[in-house]
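In what follows, a single structure is set out as structure tokens and then discussed.
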Amino acid sequence: MKEEKRLLADELPLAGQLSAVTPQLLKLDGFRITSETVVPEEEFLMRMYGKPCLPRRDLTAVTGVEKCGKTFFTSMMMACCTKRQVLALARIGEKPLKVMWYDTEQSRQSTKGIFVDRVGKMLQEDDQKEDVYDDCNYLIYNVRTCTYKERMEYLITGIETYHPDLVIIDNVSDLLPSVNDSLNTIRGDSMPS
């Protein structure tokens, strides 16, 4: 209460002057964090080498040079959504997770091959010969032939409709316009395909 009175006393002499408070500043202040801001604890989906990772409702980037194992690691994450532990990666919750893999850069054959031959094999027990995953927990999309606008629209539709626990976008940069998109637009407008 004292703080409110002090703030009011500070503002009264400024009455009638133009305010420096803009709509943009009000929006910015909505994102402010103070020592009294209530922030819920993070819920992690997995552990790697015993350390929690992949917080729910957050972004995690897997980066590296070409052929360094990014797709292998994301395959491990997908397998771990069904199987409790895959190599050094372990799912924290008991319940299997629904995962959406949104592939923007590989061929349909490569996408299916990675899902069936790599993720499927990670899910097999040593004595099993058949796959142990349920396609219902996996939402695998190959949108390489779509425009960047379609990719973004379909991604949002898929997330809003299916509510996956984990979304893997390979490659997120393909959701943005590029020089090639401009060239394709020019070719489409002026040249027959």
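Residues take their numbers from the sequence shown, with the count starting at 1.
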Item to check | Derivation of the side chain to side chain contact (heavy atoms under 4.5 Å, CB included) call for Arg56 and Leu97 | outcome: CA-CA 11 Å; Arg56 190 182 287 276; Leu97 301 173; 4.0 Å; yes
Is there side-chain contact between [X] and [Y], with at least one heavy-atom pair below 4.5 Å?
X: Val99; Y: Pro164; value: no
X: Ile114; Y: Trp101; value: yes
X: Asp165; Y: Lys95; value: no

Checklist entry - Would Leu166 and Cys81 count as a side chain to side chain contact (heavy atoms under 4.5 Å, CB included) if you check the C-alpha gap in whole Å, the side-chain angles of each, and the deciding distance to 0.1 Å? => result CA-CA 8 Å; Leu166 178 66; Cys81 288; 3.8 Å; yes
[atom2] on [Y] to [atom1] on [X], rounded to 0.5 Å:
X: Met76; Y: Met46; atom1: CE; atom2: CE; answer: 9.5 Å
X: Leu139; Y: Ile168; atom1: CG; atom2: CD1; answer: 11.5 Å
X: Leu89; Y: Ser75; atom1: CG; atom2: OG; answer: 11.5 Å
X: Asp170; Y: Gln106; atom1: CG; atom2: CD; answer: 5.5 Å
X: Cys80; Y: Met78; atom1: SG; atom2: CE; answer: 12.0 Å
X: Asn142; Y: Tyr102; atom1: CG; atom2: OH; answer: 10.0 Å

Checklist entry - Should Met77 and Ile92 be counted in the same cluster of Ile, Leu, Val, Met, Phe, Trp and Tyr side chains packed under 4.5 Å apart? => result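 No, Met77 and Ile92 fall in different hydrophobic clusters.
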Checklist entry - Is Tyr49 linked to Phe44 within one hydrophobic cluster, defined over Ile, Leu, Val, Met, Phe, Trp and Tyr using a side-chain heavy-atom separation of less than 4.5 Å? => result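 No, separate clusters.
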Checklist entry - Can you find a side-chain donor-acceptor pair between Asp103 and Thr111 that sits under 3.5 Å? => result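 The answer is yes; a qualifying pair exists.
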Checklist entry - Are a donor atom and an acceptor atom from the side chains of Thr37 and Thr34 found within less than 3.5 Å of each other? => result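 Thr37 vs Thr34: donor-acceptor pair found between side chains.
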Next on the checklist: Tell me the closest heavy-atom pair linking Val62 and Lys70, and the distance in Å.
Outcome noted: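 Closest approach of Val62 to Lys70: O-CD, 3.9 Å.
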Next on the checklist: Can a donor-acceptor pair be found, under 3.5 Å and without considering hydrogens, that links the side chain of Glu36 to the backbone of Val38?
Outcome noted: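 No.
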Checklist entry - Hey, is the main chain of Arg144 close enough, under 3.5 Å, to the side chain of Thr104 for a donor-acceptor pair? => result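 Here the side-chain-to-backbone pair does not exist.
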Checklist entry - Pick from Arg47, Lys83, Arg84: which one makes a side-chain contact (heavy atoms from CB on, under 4.5 Å) with Arg91? => result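 With Arg91 as partner, Arg47, Lys83, Arg84 yield a single side-chain contact (heavy atoms from CB on, under 4.5 Å), made by Arg84.
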Checklist entry - Given the rule in the side chain to side chain contact (heavy atoms under 4.5 Å, CB included) test, do Met100 and Leu155 qualify, once you have shown the distances and angles that lead to the verdict? => result CA-CA 9 Å; Met100 178 178 186; Leu155 175 65; 4.0 Å; yes
Checklist entry - Is the distance between the ring centroids of Tyr154 and Tyr141 less than 6.0 Å? => result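 They do not qualify: ring centres at least 6.0 Å apart.
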Checklist entry - So Met122 and Phe72, side chain to side chain contact (heavy atoms under 4.5 Å, CB included) or not? Walk me through it. => result CA-CA 11 Å; Met122 288 180 186; Phe72 184 81; 3.4 Å; yes
